[in-house]
Amino acid sequence: GNSVTQMEGPVTLSEEAFLTINCTYTATGYPSLFWYVQYPGEGLQLLLKATKADDKGSNKGFEATYRKETTSFHLEKGSVQVSDSAVYFCALNRNTGNQFYFGTGTSLTVIP
Amino acid sequence: GAVVSQHPSRVICKSGTSVKIECRSLDFQATTMFWYRQFPKQSLMLMATSNEGSKATYEQGVEKDKFLINHASLTLSTLTVTSAHPEDSSFYICSASKGGSSYNEQFFGPGTRLTVL
C-alpha cells in the first residue's frame with residue numbers, strides 16, 4: 001500500500017536552531033514527494049516537492065532530498081525563524097492520479 | 001493566485017441535523033475537487049474526489065449517502081453531512097486541482113471544524 005510516516009511532534013526550537021523533520025514513505029511505483037505547511041488558521045500550502053529519486057526540493061530555506069534507497073524525504077532548515085512556526089505535512093502522490101497520502105503532521109514552534 | 005476558500009470555518013450543530021460545507025476556488029477553475037477529513041493528531045484522509053458535472057468517487061469505507069457531494073460548477077463543491085452524529089465531529093478540508101496533466105498540484109482550503117452535539 002501507500003503511506004507516509006513522519007516524526008511526531010510537537011517540536012520546539014529556539015530561533016536560529018537547525019531543524020530536521022523525518023519523513024519516510026511506502027509506495028508502489030515511483031511517487032512524487034511533497035512537504036506542505038499549514039500556518040494557524042490557514043489552508044495547507046505547498047512548501048516544496050521532488051518528483052524523482054535524488055531530486056532536491058527547496059524553498060524559503062527549507063530543503064528535502066528524495067532518497068529512494070532509504071524511502072525518505074526528510075525536511076531540513078539550517079536556521080529557523082519564529083515565522084516558521086506551523087504544522088508541516090509530508091505527502092506522496094503516486095503520479096497515476098490525484099490522490100495524495102499524508103503523514104500525521106508535525107507541529108513546530110520556534111521561540112525567540 | 002490559486003486560492004481556495006471554505007465556508008463556514010466552524011460549525012456546531014445538534015445531532016440529527018444536516019450541515020453543508022462549501023468549497024470555492026476563488027481565482028481559477030477547478031476541474032477536480034477533493035474532500036478530506038482530519039482527526040486530531042492524525043493524517044488527512046481522502047473521503048472523495050469530485051469532478052464538475054459528474055458523480056463523486058468515494059473512498060472505501062466512506063458512506064456516500066451520509067456525505068453528499070455536489071460539484072455543480074468549476075468553482076464550487078459542497079459537502080453535506082446528513083443526519084450528523086457526534087462521531088462525525090472532525091476537521092473537513094477541501095482541495096482543488098486545476099487539471100491539465102497527469103500530476104496536478106492541489107490547492108487547499110483552510111478547513112471547516114464541525115462539532116456535533
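Proteins come first, then strands; the chains are lettered A, B, ... in the order of their sequence lines, and each starts at number 1. None of the values given here were measured: they were computed from a predicted structure.
Put simply, L13(A) and F62(A) are part of the same group of oily side chains (I, L, V, M, F, W, Y) that touch within less than 4.5 Å, one to the next. Cluster membership for F34(B) and F108(B), using ILVMFWY side-chain heavy atoms within less than 4.5 angstrom, is shared. With hydrophobic clusters built from ILVMFWY side chains whose heavy atoms lie under 4.5 angstrom apart, L68(B) does not share a cluster with W35(B). Residues I21(A) and V87(A) do not share a hydrophobic cluster, defined by chaining ILVMFWY side chains whose heavy atoms lie under 4.5 Å apart. Hydrophobic cluster membership differs between M33(B) and V4(B), with clusters built from Ile, Leu, Val, Met, Phe, Trp and Tyr side chains linked at under 4.5 angstrom.
Taking the ring centroids of Y36(B) and F100(A), they lie at or beyond the 6.0 Å cut-off.
Contacts between F89(A) and chain B at a heavy-atom distance below 4.5 Å involve the side chain alone, from C-beta outward. E59(B) touches chain A through its side chain: at least one heavy atom from C-beta onward sits under 4.5 Å away, while N, CA, C and O do not. In this structure, the portion of L46(B) lying under 4.5 Å from any heavy atom of chain A is its side chain and not its backbone.
Considering CG of L44(B) and OH of Y36(A), their distance stands at 10.5 Å, rounded to 0.5 Å.
If you tally non-hydrogen atom pairs under 4.5 Å between each of Y101(A), Y39(A), F102(A) and chain B, the highest count goes to F102(A). By number of non-hydrogen pairs under 4.5 angstrom with chain B, the leading residue of A91(A), G103(A), G9(A), G105(A) is G103(A).
Around CE of M45(B), the count of heavy atoms belonging to other residues, nucleotides or ligands within 6.0 Å does not exceed 12.
The two residues F91(B) and Q38(A) make their nearest non-hydrogen contact at CE2-NE2, 4.1 Å.
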